[in-house]
Amino acid sequence: NNIKSFDVHSFRGLISLKKLFLSNNNLESLPIGAMSSLTKLEELYLEFNKLSKLDEYSIRGVEQIIKILKLNGNMLSSIKSFYFNKLTKL
């Protein structure tokens, strides 16, 4: 795929979605609040993109239900510890 970005409303209405595969794209960032409507999301695959930073609100709404978060193969140099504080099931 060659997804470079997506809108904050891209996943609205997908309330039963449990797995989201966005791997092997060209994503540089995640829109703040884009995951908030995915109330059943357990697995988020973001490997091999161009993510260089993660905003603390980028996975807002799913942080307490997500079990798998794949980030390898990105351009992340560091991730602040508070990012993982609410990821209680990871």
Side-chain angles (χ1 to χ4, degrees):
N1 296 323
N2 193 25
I3 300 170
K4 294 181 180 176
S5 64
F6 57 90
D7 187 82
V8 69
H9 305 292
S10 296
F11 306 118
R12 288 237 167 120
L14 301 175
I15 58 173
S16 297
L17 190 70
K18 291 187 177 187
K19 297 178 183 181
L20 180 56
F21 295 90
L22 292 170
S23 303
N24 297 299
N25 281 290
N26 288 307
L27 292 173
E28 295 179 0
S29 64
L30 300 176
I32 294 172
M35 308 293 167
S36 62
S37 65
L38 302 175
T39 58
K40 304 236 190 260
L41 188 68
E42 295 179 352
E43 301 178 21
L44 179 56
Y45 297 89
L46 295 166
E47 312 104 297
F48 304 105
N49 278 288
K50 294 182 179 178
L51 297 172
S52 59
K53 68 176 190 165
L54 293 173
D55 185 279
E56 66 181 295
Y57 300 109
S58 58
I59 59 169
R60 178 179 243 167
V62 298
E63 63 266 39
Q64 294 186 357
I65 56 173
I66 200 159
K67 295 177 181 177
I68 296 173
L69 176 61
K70 298 276 189 159
L71 294 167
N72 55 300
N74 280 287
M75 299 164 56
L76 298 166
S77 58
S78 66
I79 300 174
K80 298 189 180 199
S81 61
F82 65 79
Y83 190 80
F84 295 100
N85 289 344
K86 293 183 179 180
L87 295 170
T88 57
K89 294 191 177 183
L90 194 60

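Predicted, not measured: the structure shown is a model, and the values here were computed from it.
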(message) When you compare the side chain of I32 with that of V8, does any pair of heavy atoms fall below 4.5 Å?
(response) no
(request) Show your working on side chain to side chain contact (heavy atoms under 4.5 Å, CB included) between L46 and L69 and close with a plain yes or no. (result) CA-CA 7 Å; L46 295 166; L69 176 61; 4.2 Å; yes
(request) Compute whether any side-chain donor of one residue and acceptor of the other, for N26 and N2, lie under 3.5 angstrom apart. (result) yes
(message) Would a single hydrophobic cluster contain both I66 and L14, if residues Ile, Leu, Val, Met, Phe, Trp and Tyr are joined by side-chain heavy-atom contacts under 4.5 Å?
(response) yes
(message) Can you confirm whether F11 sits close enough to L41 that some side-chain heavy atom of one is under 4.5 Å from a side-chain heavy atom of the other?
(response) no
(request) Starting at OG of S23, measure out to CG of N72 and round the result to the nearest 0.5 Å. (result) 8.0 Å
(request) To the nearest 0.5 Å, tell me how far L44 CG sits from L22 CG. (result) 6.5 Å
(request) For Y45, enumerate each residue passing the side-chain hydrogen bond (donor to acceptor under 3.5 Å, both in side chains) test, keeping only those at least two apart in sequence or located in another chain. (result) E43
(request) Kindly compute the distance separating CG (L90) from CD1 (I68), expressed to the nearest 0.5 Å. (result) 9.0 Å
(request) Please name all residues satisfying side-chain hydrogen bond (donor to acceptor under 3.5 Å, both in side chains) with R12, sequence neighbours left out, ordered by chain then number. (result) H9
(request) Using the rule that two of Ile, Leu, Val, Met, Phe, Trp, Tyr join whenever any of their side-chain heavy atoms come within less than 4.5 Å, decide whether F6 and Y57 are in one cluster. (result) no
(message) Would you compute the distance between atom NZ of K53 and atom CG of L76 and round it to the nearest 0.5 angstrom?
(response) 11.5 Å
(request) Flag the pair L71 / L54 as yes when at least one side-chain heavy-atom distance between them is below 4.5 Å, and no otherwise. (result) yes
(request) Check whether any side-chain heavy atom of M35 sits under 4.5 Å from a side-chain heavy atom of L20, and report yes or no. (result) yes
(request) Please round to the nearest 0.5 Å and tell me the distance separating atom OG of S52 and atom CE of M75. (result) 6.0 Å
(request) Verify, without hydrogens or angle tests, whether N49 (side chain) and N25 (backbone) share a donor-acceptor contact under 3.5 angstrom. (result) yes
(request) Please collect all side-chain hydrogen bond (donor to acceptor under 3.5 Å, both in side chains) contacts where either partner lies in residues 27-42, sequence neighbours excluded, each pair once. (result) none
(message) Starting from I15, can I reach I65 by hopping between I/L/V/M/F/W/Y residues whose side chains sit under 4.5 Å apart?
(response) no
(request) Check whether more than 12 heavy atoms from other residues, nucleotides or ligands sit under 6.0 Å from atom CD1 of I79, and answer yes or no. (result) yes
(request) Would you give the length of the straight line joining atom CG of L87 to atom CD of Q64, rounded to the nearest 0.5 angstrom? (result) 9.0 Å
